[in-house]
Protein chains: 2
Amino acid sequence: MELVVTGNLVRELRVAENLSQADLAAALGVSRQTVNSIETGRYTPSLALAIALARFFATTVEEVFHVAER
Amino acid sequence: MELVVTGNLVRELRVAENLSQADLAAALGVSRQTVNSIETGRYTPSLALAIALARFFATTVEEVFHVAER
DNA sequence: TGGTGATGTCAAGCAAGCTTTACATGCGGG
DNA sequence: CCCGCATGTAAAGCTTGCTTGACATCACCA
């Protein structure tokens with residue numbers, strides 16, 4: 001049961017709402033680089049930020065973030 | 001939308017399955033101290049571990065981890 | 001009594017998330 | 001042509017997640 005986060009739908013969801021990375025960052029209370037890093041896969045967010053993202057887009061953590069067995 | 005993780009149901013779920021912290025840790029591929037730290041609220045897990053926990057208990061991240069606006 | 005399993009916690013150390021600052025690129029509009 | 005906006009990325013630094021190893025307590029049981 002060792003999971004790794006392999007990708008996410010943040011960019012798709014953000015673009016669908018016509019928001020810039022800076023807009024989303026401001027709404028979530030994080031920096032623009034943090035949003036960018038999550039979208040480009042540089043790193044995976046903390047649990048709190050992942051829940052905030054899912055909640056912001058009115059969906060679930062499991063739907064936004066994809067995992068695979070490592 | 002700045003969220004903090006305020007608590008979780010890991011201990012309740014684990015006990016309901018009659019597992020020790022060490023059992024759960026082994027099943028998840030982490031150390032016993034990590035499970036203990038999550039249960040006692042010393043820190044909140046990474047996103048990958050949170051998803052693994054929810055999946056292990058056949059539930060969702062949002063049900064296992066509780067958040068509040070900061 | 002002594003042994004064992006379960007739990008709590010601490011310390012040191014490495015890895016990862018997030019910050020600020022900064023700079024580069026591409027693009028559409030004036 | 002220049003501007004402003006959106007995006008990508010990098011460096012340095014702080015904080016937090018997770019590790020191993022160790023030790024203490026408690027309950028239960030032979």
Side-chain angles (χ1 to χ4, degrees):
Chain A
M1 251 306 224
E2 286 200 51
L3 302 186
V4 276
V5 178
T6 54
N8 66 75
L9 303 182
V10 174
R11 170 159 289 157
E12 289 83 341
L13 293 165
R14 174 180 63 79
V15 168
E17 303 273 354
N18 255 301
L19 298 172
S20 68
Q21 293 180 346
D23 291 336
L24 179 55
L28 297 170
V30 296
S31 71
R32 178 182 70 81
Q33 287 82 344
T34 293
V35 169
N36 184 23
S37 294
I38 292 166
E39 288 191 358
T40 58
R42 229 191 311 286
Y43 54 70
T44 71
S46 67
L47 176 57
L49 183 48
I51 294 177
L53 275 161
R55 201 179 262 207
F56 181 84
F57 291 118
T59 178
T60 64
V61 168
E62 284 84 352
E63 280 184 30
V64 179
F65 297 93
H66 299 152
V67 295
E69 201 100 12
R70 179 161 89 73
Chain B
M1 250 306 225
E2 285 201 52
L3 303 186
V4 277
V5 178
T6 54
N8 66 75
L9 304 182
V10 173
R11 169 159 290 157
E12 289 81 341
L13 292 164
R14 174 180 62 80
V15 168
E17 302 272 354
N18 255 300
L19 298 171
S20 67
Q21 293 179 346
D23 291 336
L24 179 55
L28 297 170
V30 296
S31 71
R32 177 181 72 81
Q33 287 84 340
T34 293
V35 170
N36 184 19
S37 294
I38 293 166
E39 288 191 358
T40 57
R42 224 189 315 284
Y43 53 70
T44 71
S46 67
L47 176 56
L49 183 48
I51 295 177
L53 275 161
R55 202 180 262 209
F56 181 84
F57 291 117
T59 179
T60 64
V61 168
E62 283 84 353
E63 280 185 28
V64 179
F65 297 93
H66 299 153
V67 296
E69 201 99 14
R70 179 161 88 73

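The chains referred to below are lettered A, B, ... by the order of the sequence lines, with proteins before strands, and numbering in each begins at 1.
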Worksheet item: What closest approach, in Å, do A:L47 and B:A50 show between heavy atoms, and which atom pair accounts for it?
Response: CD1-CB, 3.6 Å
Worksheet entry | Least distance between heavy atoms, B:R11 atom then B:N36 atom |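 Nearest heavy atoms, B:R11 then B:N36: NH2-OD1, 4.4 Å.
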Discussion item. If the test is side-chain contact (heavy atoms from CB on, under 4.5 Å), which one of B:L13, B:L9, B:V64 qualifies with B:F57?
Written reply: B:L13
Fill in: Intermediate values then yes/no, side chain to side chain contact (heavy atoms under 4.5 Å, CB included), A:L3 and A:R70
CA-CA 5 Å; A:L3 302 186; A:R70 179 161 89 73; over 6 Å; no
Any side-chain heavy-atom pair from [X] and [Y] closer than 4.5 angstrom?
| X | Y | result |
| --- | --- | --- |
| B:T44 | B:V4 | no |
| B:V35 | B:V30 | yes |
| B:E62 | B:V67 | no |

Discussion item. Whole angstroms only, please: what is the CD-P distance between A:Q33 and D:dG8?
Written reply: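 The answer, rounded to whole Å, is 11 Å.
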Discussion item. Near DNA chain C, counting only heavy atoms under 4.0 Å, which residues of residues 39-70 of chain A show up?
Written reply: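 Listed by number, they are A:Y43, A:T44, A:P45, A:S46, A:L49.
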Produce the list of close N/O pairs, under 3.5 Å, pairing protein atoms with atoms of nucleotides 4-7 of chain D; give distances to one decimal.
unit_1 : atom_1 : unit_2 : atom_2 : d
D:dT7  : OP1    : A:R14  : NH1    : 2.9
D:dT7  : OP1    : A:R14  : NH2    : 3.4
D:dT7  : OP2    : A:Q21  : N      : 2.7

Discussion item. Please determine whether side chain to side chain contact (heavy atoms under 4.5 Å, CB included) holds for the pair A:V5 and A:H66, giving the CA-CA distance in whole Å, both sets of side-chain angles, and the decisive distance to 0.1 Å.
Written reply: CA-CA 6 Å; A:V5 178; A:H66 299 152; over 6 Å; no
Worksheet item: Do B:L53 and B:V10 pass the side chain to side chain contact (heavy atoms under 4.5 Å, CB included) test, and can you show the C-alpha distance, the side-chain angles, and the key distance before you say yes or no?
Response: CA-CA 8 Å; B:L53 275 161; B:V10 173; 4.2 Å; yes
Practice prompt. Would you grab the first and last nucleotide of DNA chain C (5' to 3') that comes under 4.0 Å of any non-hydrogen atom in chain A?
Written response: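 Boundary nucleotides touching chain A, in 5' to 3' order, are C:dG17 to C:dA22.
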Worksheet item: Counting N and O atoms only, with roles assigned by atom type, does the side chain of B:E2 sit under 3.5 Å from a partner on the main chain of B:E69, one being a donor and the other an acceptor?
Response: no
